[in-house]
Amino acid sequence: MGKIKNKLIVAGPCAVEKKSQLYNTVKHIYNYTDIIRAGIWKGRTSPNSYPGVGEKALPWIQDIQNQYQIPVAIEVGNTRHVELALKYDIKIMWLGARTTVNPFAVQDIAESVRNLNIEIWIKNPIVSDLKLWIGAINRFHRVGVKNIKTIHRGFYSDNNIHYRNQPRWDLLNSFKKRYSEIPVLSDPSHLTGDTKHVEKLSLESLKEGIDGFMFEVHNNPHKALSDEKQQLNPKDFKTLIDQLTIKCN
Ligand code: PEP
Ligand code: MN
């Protein structure tokens, strides 16, 4: 388990864009994180937004897992994604906030991993409906997935909020009361939408008793094809982890 006492750290690019970007990011951060995140398929709100590099990144990910002996987690949005991920030894897959809202999609994905020894992470749905989140988790429990984690990435709000998404610690606490055995990660990158707020939100997350973090890190955030404002560069990411480590110990 990572540098911050008993907290799991997941870090990596929002979207995989090209081979050099993925390898250059991983090279700088692999010893500061427990697991690499890599979005190869992006479920974007608009079809005009960058969709991720797609399946051609799968061999790169397999190579990184072997070369650095570190697991890589990817987002899956349908059963084809799952089948391809399994083919390339990817053992951790997450459902994005736009997938968790759709019981048909969640059920299909759950069926495709029935009784497999893989780990599934479920991001909270975009809307603040705790039942929808729990429903998604139950679908994976029912097909025999034992390793489940959840990710608090905040909720869409019509109000003029300070962050990209609204943190709802109250919902998270209700969730934790019901499922104390399921670890909860905080995603300060998507919660805040801005690197300048990531440290503050991370500290707040620690106070709320989260079990770990997911951070977006890009080797050159200014040139990122998605979520450029919220992706940390490797140097700032390492400084952040060092800061959190000091504050936590
Ligand atoms: C992501 O993790 O890159 C992502 C798209 O997040 P979310 O599903 O939380 O919007
Ligand atoms: Mn992102």
Side-chain angles (χ1 to χ4, degrees), residues 8-17 21-22 25-26 29 33 35-54 57 61 71-78 81-82 85 90 92-102 105-106 109 119-130 132-133 136-137 149-157 161 163-168 171-172 175 184-195 197-198 201-202 205 210 212-233 237:
L8 185 81
I9 304 173
V10 181
C14 172
V16 178
E17 299 160 7
Q21 168 244 2
L22 177 65
T25 306
V26 171
I29 66 169
T33 184
I35 298 171
I36 301 285
R37 63 152 281 153
I40 65 174
W41 296 292
K42 307 297 299 173
R44 306 304 301 276
T45 299
S46 163
N48 300 322
S49 300
Y50 180 66
V53 74
I61 289 177
V72 180
I74 68 165
E75 176 173 347
V76 291
N78 58 43
H81 295 163
V82 174
I90 295 169
I92 310 175
M93 303 173 204
W94 83 82
L95 271 63
R98 290 159 192 77
T99 303
T100 311
V101 290
N102 183 341
V106 175
I109 295 170
E119 185 164 329
I120 292 283
W121 300 343
I122 300 168
K123 285 193 154 195
N124 68 254
I126 286 203
V127 290
S128 54
D129 182 347
L130 187 59
L132 210 44
W133 196 2
I137 288 161
K149 291 183 175 52
T150 61
I151 303 174
H152 178 220
R153 49 78 76 200
F155 296 88
Y156 176 81
S157 172
I161 54 170
Y163 294 140
R164 180 178 181 189
N165 290 294
Q166 175 103 59
R168 285 292 303 272
L171 281 189
L172 204 65
F175 177 86
V184 181
L185 309 183
S186 172
D187 177 347
S189 306
H190 288 93
L191 273 158
T192 64
D194 194 325
T195 51
H197 300 306
V198 163
L201 205 284
S202 302
S205 305
I210 51 92
F213 291 104
M214 176 185 261
F215 293 110
E216 286 192 337
V217 184
H218 188 290
N219 66 326
N220 190 356
H222 300 299
K223 294 243 167 90
L225 301 179
S226 61
D227 288 354
E228 65 279 7
K229 259 180 92 179
Q230 70 188 39
Q231 299 204 66
L232 294 157
N233 65 45
F237 164 67

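Worth knowing before you read on, the calculation uses all heavy atoms, side chains too, and leaves out hydrogens, waters and symmetry mates. These numbers were taken from a predicted model, which means no experiment stands behind them. Counting starts at 1 for both ligands and their atoms, following the listed order.
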Hey, does C14 come in under 3.5 Å of ligand 1, counting only N/O atoms on both sides? no
Under 3.5 Å: N/O of K42 near N/O of ligand 1:
yes
**Asked** Would you say the side-chain atoms of R164 and T192 include a donor-acceptor pair closer than 3.5 Å?
**Response** no
Closest to atom 4 (C) of ligand 1 among protein heavy atoms sits H190 NE2, 3.4 Å
dist N220:CG -> T25:OG1 (nearest 0.5 Å) comes out at 9.0 Å
Looking only at protein heavy atoms, what sits closest to atom 8 (O) of ligand 1 is A97 N, 2.8 Å
Atom 6 (O) of ligand 1: of R153, K123, R44, the nearest heavy atom sits on K123
Q: Mind telling me whether W121 and W94 have parallel, tilted or perpendicular rings, with 30° and 60° as the class edges?
A: parallel
query: Any chance the side chains of E228 and H222 put a donor and an acceptor closer than 3.5 Å?
result: no
_Within the structure, is a non-hydrogen atom of R37 found at a distance of less than 4.0 Å from ligand 1?_
yes
The atom name of the N, O or S atom in E216 nearest to the Mn ion (ligand 2) is OE2
CZ of F215 to CD of Q231, rounded to nearest 0.5 Å, is 13.5 Å
Going by the 4.0 angstrom heavy-atom rule, the piece of M214 near ligand 1 is neither
